[in-house]
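In the text below, chain A, chain B and the rest are named by the order of the sequence lines, each starting its count at 1. Scope of the values below: all heavy atoms of this structure, side chains included, with no hydrogens, waters or symmetry mates.
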2 protein chains.
Amino acid sequence: MALTTKRSARPHGDHDHAHCVTDAIARAEAVCAEHGARLTENRRRVLELVWQSHAPVGAYEILERLRKDGTRAAPPTVYRALEFLMEQGLVHRIETRNAFVGCPQPEQRHVAQYLLCEACGDAVEIEIGGLARKIASRAAELGFAVAAQTVEARGLCSRCQQTGA
Amino acid sequence: MALTTKRSARPHGDHDHAHCVTDAIARAEAVCAEHGARLTENRRRVLELVWQSHAPVGAYEILERLRKDGTRAAPPTVYRALEFLMEQGLVHRIETRNAFVGCPQPEQRHVAQYLLCEACGDAVEIEIGGLARKIASRAAELGFAVAAQTVEARGLCSRCQQTGA
DNA sequence: TGCGGCTTTGTTACTCTATACCATGATGCC
DNA sequence: GGCATCATGGTATAGAGTAACAAAGCCGCA
Ligand SMILES: [Zn+2]
Ligand SMILES: [Zn+2]
Ligand SMILES: [Zn+2]
Ligand SMILES: [Zn+2]
């Protein structure tokens with residue numbers, strides 16, 4: 001039973017998204033093994049559901065999908081899995097949407113920076129060189145010690161700009 | 001009936017906070033006049049309540065305080081006022097806290113960037129030179145048109161670092 | 001093999017945040 | 001005064017997140 005199709009994966013379906021998912025799971029296994037953490041069935045399932053699309057997905061949407069599998073899940077089930085996945089760096093939270101998205105680079109810890117398309121909902125994780133450092137160093141000048149950062153830009157992706165015009 | 005005191009204003013009460021509030025209101029009047037917008041009694045009151053502290057305040061906390069005034073307010077009352085105040089640039093939303101804080105520079109539109117202390121709750125609005133531009137230009141390289149940005153850094157302010165140590 | 005401690009999950013019941021919707025009232029322009 | 005527009009009141013409900021406690025699974029060790 002395929003979780004995803006090329007069509008549903010990305011509004012602009014131009015890649016083999018099934019590969020995104022299987023690849024993400026495989027890498028998650030490796031990351032968890034490395035960390036000595038247990039990627040249980042629930043956690044793996046939630047990760048798959050998060051990876052169903054490149055658009056951030058809400059916790060309650062995950063919950064619905066879990067229930068369609070026949071499992072009787074409640075909110076804590078989902079939130080606990082998400083918490084674990086975030087601790088492992090496998091999933092990031094999109095603050096401006098109260099939603100979650102899979103990380104394409106879980107092997108190395110990083111500050112996540114996002115471009116969020118307001119038309120198609122897509123989220124693209126980027127890393128602007130020196131940006132995180134710049135924020136931390138400016139904060140340090142003010143005596144502030146940065147522990148975590150959130151950088152999210154909203155607007156229109158290139159595809160949606162063309163479509164809308 | 002004074003809205004605020006020096007003590008309650010900032011965890012590290014080292015300034016005349018009453019002045020912050022009256023100044024903020026005065027400038028809000030000017031900004032609204034400039035925009036041809038109406039700073040009604042409700043909106044002014046909500047703005048005052050937001051300015052009660054330099055820590056972001058939740059919508060329902062504002063609601064409680066409104067009710068203590070004797071007014072029978074409901075959530076939409078608060079959210080509508082906040083929406084208006086944000087449109088006018090008088091208030092910013094802190095995404096990582098689902099809370100709102102007054103803008104110290106409402107006269108000129110800008111992207112708000114914040115340092116958020118996890119110990120005392122204080123929010124300091126900063127503007128890191130070139131940061132917004134850098135984000136927008138990197139996005140543009142990827143064909144993405146940025147409409148709005150969120151930049152929030154969490155950690156410890158200088159005072160709380162000393163206190164904790 | 002069975003015991004004891006730890007981690008993970010199930011379940012219930014909330015709290016907090018935010019919005020949809022419709023009715024009512026105020027404002028200002030002609 | 002009539003009318004459009006803006007602002008508020010008020011109810012109900014949707015959406016997001018957590019507290020608390022019980023049950024089950026896993027692991028190392030006797
Ligand atoms: Zn994909
Ligand atoms: Zn798009
Ligand atoms: Zn102040
Ligand atoms: Zn502090």
Side-chain angles (χ1 to χ4, degrees), chain A residues 28-29 32-33 35-50 55-67 69-88 90-101 118 121 150 152, chain B residues 28-29 32-33 35-50 55-88 90-101 118 121 150 152 154:
Chain A
E29 304 260 20
C32 287
H35 295 176
R38 291 160 55 190
L39 187 62
T40 63
E41 191 47 39
N42 256 322
R43 292 165 174 175
R44 180 204 315 272
R45 185 78 187 108
V46 168
L47 183 59
E48 278 181 345
L49 292 172
V50 166
V57 56
Y60 278 70
E61 203 176 329
I62 294 173
L63 182 58
E64 271 183 29
R65 294 180 190 173
L66 266 184
R67 283 173 169 164
D69 288 358
T71 67
R72 274 188 321 272
T77 304
V78 174
Y79 281 101
R80 283 193 282 237
L82 287 171
E83 184 181 17
F84 170 85
L85 295 169
M86 285 193 289
E87 276 167 6
Q88 301 302 315
L90 299 167
V91 161
H92 294 301
R93 178 185 166 80
I94 306 297
E95 300 291 345
T96 51
R97 287 201 199 155
N98 295 333
F100 306 84
V101 71
E118 288 172 328
T150 296
E152 296 175 14
Chain B
E29 304 261 20
C32 287
H35 295 177
R38 292 161 55 191
L39 186 62
T40 64
E41 191 47 38
N42 256 322
R43 291 165 174 175
R44 181 204 315 273
R45 185 78 186 108
V46 168
L47 183 59
E48 278 181 346
L49 292 173
V50 166
V57 56
Y60 279 72
E61 205 177 329
I62 294 172
L63 182 58
E64 270 183 31
R65 294 180 190 174
L66 266 184
R67 283 174 169 164
K68 281 180 186 163
D69 288 359
T71 68
R72 275 186 321 272
T77 304
V78 174
Y79 280 101
R80 282 192 284 237
L82 287 172
E83 185 181 16
F84 170 85
L85 295 170
M86 285 193 290
E87 277 168 4
Q88 302 301 316
L90 299 168
V91 161
H92 294 300
R93 179 185 165 81
I94 305 299
E95 299 291 346
T96 51
R97 287 203 199 154
N98 296 332
F100 306 84
V101 71
E118 288 172 328
T150 296
E152 296 176 13
R154 292 171 297 292

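Between A/Leu85 and A/Gln88, every side-chain heavy-atom pair lies at or beyond the 4.5 Å cut-off. Counting heavy atoms from C-beta outward, B/Leu63 and B/Arg67 have side chains that approach closer than 4.5 Å.
Note that the OH atom of A/Tyr79 and the CD1 atom of A/Ile62 stand 9.0 Å from one another [nearest 0.5 Å]. From A/Arg38, atom CZ reaches atom SG of A/Cys32 across 11.0 Å, with rounding to the nearest 0.5 Å. In this structure, the separation between CD on A/Glu64 and CG on A/Leu49 is 11.5 Å, given to the nearest 0.5 Å.
First and last contacting nucleotides of DNA chain C toward chain B (any atom under 4.0 angstrom from a heavy atom, 5' to 3' order): C/dT17 to C/dT27. Reading DNA chain D from its 5' end, the first and the last nucleotide to sit under 4.0 Å from a heavy atom of chain A are D/dA16 to D/dC26.
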Just distance, no hydrogens or angles: give the donor-acceptor pairs under 3.5 Å from side chains in residues 93-100 of chain A, sequence neighbours left out.
{"residue": "A/Arg93", "atom": "NE", "partner": "A/Glu95", "partner atom": "OE1", "Å": "3.1"}
{"residue": "A/Arg93", "atom": "NH2", "partner": "A/Asn98", "partner atom": "OD1", "Å": "2.9"}
{"residue": "A/Thr96", "atom": "OG1", "partner": "A/Glu152", "partner atom": "OE1", "Å": "2.5"}
{"residue": "A/Arg97", "atom": "NH1", "partner": "A/Gly121", "partner atom": "O", "Å": "2.8"}
{"residue": "A/Arg97", "atom": "NH2", "partner": "A/Cys117", "partner atom": "O", "Å": "3.2"}

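Taking 4.0 Å as the cut-off between side-chain N and carboxylate O, A/Glu48 and A/Arg45 count as a salt-bridged pair.
Take B/Glu87 and apply the side chain to side chain contact (heavy atoms under 4.5 Å, CB included) test, not counting sequence neighbours, and it matches B/Glu83. A/Glu29 is linked by a side chain to side chain contact (heavy atoms under 4.5 Å, CB included) to A/Ile25, A/Leu39, A/Arg44, counting only residues two or more places apart in sequence or in another chain. When the side-chain hydrogen bond (donor to acceptor under 3.5 Å, both in side chains) test is applied to A/Thr150, the partners found at least two apart in sequence or on another chain are B/Arg154. Taking B/Glu61 as the reference, B/Val57, B/Arg65 meet the side chain to side chain contact (heavy atoms under 4.5 Å, CB included) condition, with sequence neighbours excluded. Judged as a side chain to side chain contact (heavy atoms under 4.5 Å, CB included), and not counting sequence neighbours, the contacts of A/Arg80 are A/Pro76.
Overall bending of the helix from C/dT1-D/dA30 to C/dC30-D/dG1, expressed as the angle between end axes built from five pairs apiece, is 20° (10° steps).
Counting non-hydrogen atoms under 4.0 angstrom, B/Arg97 reaches nothing in the nucleic acid.
Each of B/Tyr60 and B/Ala37 was matched to the nucleotide of DNA chain D holding its nearest heavy atom; the match closer to the 5' end belongs to B/Ala37. The nearest heavy atom of DNA chain C to B/Ala99 and to A/Arg38 marks one nucleotide each, and the one closer to the 5' end goes with A/Arg38.
In the region residues 72-84 of chain A, proximity to DNA chain C at under 4.0 angstrom, judged on heavy atoms, holds for A/Arg72, A/Ala74, A/Pro76, A/Thr77, A/Arg80.
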Begin with the C-alpha distance, continue with both residues' side-chain angles, and end with the deciding distance and a verdict on side chain to side chain contact (heavy atoms under 4.5 Å, CB included) for B/Val50 and B/Leu82.
CA-CA 9 Å; B/Val50 166; B/Leu82 287 172; 4.1 Å; yes
